[in-house]
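First comes the structure, then the notes that go with it.
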Amino acid sequence: MHSPYFIVDRFPEPEAKDVPLDTFISVSFPRPPTILKLEIEPGVEISHVKKELILYSGKYTFFLAKPLQPGTNYTVTVTAGQKEPPGPDVAPTTTTSWWFTTTART
């Protein structure tokens, strides 16, 4: 099964190193999902989300309430999709994970 809700662009990039502590997290999809869940480990609070619809695609930027911890590996997991499958042999959601490491400098 495949899903139309695959990530076409993300920030920080997978396995990025020296990511600034005041970074944000963004994901882009070829079509905007109606379900979008972002989890970060270790946990961080999200202050707000900026949604941008560009033609038929969607970009979502998650701004963090506090700076990240220095020299820390963070794992981001995004689940995106819709309630009902958009067609036969199509999954209603897709889950994608990646990690990045923050800079050791404060």
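Keep in mind the model is a prediction, meaning the values are calculated, not measured.
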Distance-only check: which donor-acceptor pairs under 3.5 Å involve side-chain atoms of residues 63-76, not counting sequence neighbours?
| from | atom 1 | to | atom 2 | distance (Å) |
| --- | --- | --- | --- | --- |
| Thr72 | OG1 | Gln69 | O | 3.3 |
| Thr72 | OG1 | Pro70 | O | 3.0 |
| Asn73 | OD1 | Thr101 | OG1 | 2.4 |
| Tyr74 | OH | Gln69 | N | 2.8 |

Review point. Honestly curious: do Val90 and Ile7 fall in one hydrophobic cluster under the side-chain, below-4.5 Å linking rule?
Key: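 No.
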Exercise for review: Indicate, with yes or no, if Ile46 and Val78 share a hydrophobic cluster defined by side-chain heavy-atom contacts under 4.5 Å among Ile, Leu, Val, Met, Phe, Trp and Tyr.
Suggested key: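 Yes: a chain of side-chain contacts under 4.5 Å links Val78 to Ile46.
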Roughly how far, to the nearest 0.5 Å, is the [atom2] atom of [Y] from the [atom1] atom of [X]?
| X | Y | atom1 | atom2 | value |
| --- | --- | --- | --- | --- |
| Thr102 | Leu21 | OG1 | CG | 5.5 Å |
| Arg105 | Asp18 | CZ | CG | 5.0 Å |
| Arg10 | Trp98 | CZ | CH2 | 5.5 Å |
| Lys50 | Lys59 | NZ | NZ | 7.5 Å |

Practice item. Could you give me the CA-CA distance, side-chain angles and deciding distance for Val19 and Thr103, then say whether side chain to side chain contact (heavy atoms under 4.5 Å, CB included) is met? Key: CA-CA 5 Å; Val19 172; Thr103 182; over 6 Å; no
Exercise for review: Verify the neighbour count for atom CD of Glu52: are there more than 12 heavy atoms of other residues, nucleotides or ligands below 6.0 Å?
Suggested key: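 Atom CD in Glu52 is crowded, with more than 12 foreign heavy atoms closer than 6.0 Å.
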Review point. Considering residues, nucleotides and ligands other than Ile54, do more than 12 of their heavy atoms fall under 6.0 Å from its CD1?
Key: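 More than 12 within 6.0 Å, yes.
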What pairs of donor and acceptor atoms, side-chain ones from residues 24-40 against any protein atom, are under 3.5 angstrom apart with sequence neighbours left out?
| from | atom 1 | to | atom 2 | distance (Å) |
| --- | --- | --- | --- | --- |
| Arg31 | NE | Tyr5 | OH | 3.4 |
| Thr34 | OG1 | Gly81 | O | 3.3 |
| Lys37 | NZ | Glu39 | OE2 | 3.0 |

Review point. Would you say the side-chain atoms of Thr93 and Thr79 include a donor-acceptor pair closer than 3.5 Å?
Key: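 No - no donor-acceptor pair under 3.5 Å links their side chains.
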Practice item. Specify the closest pair of heavy atoms between Phe100 and Glu13, including all atoms of both residues, with the distance to one decimal. Key: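 Closest approach of Phe100 to Glu13, heavy atoms only: CB-O, 4.2 Å.
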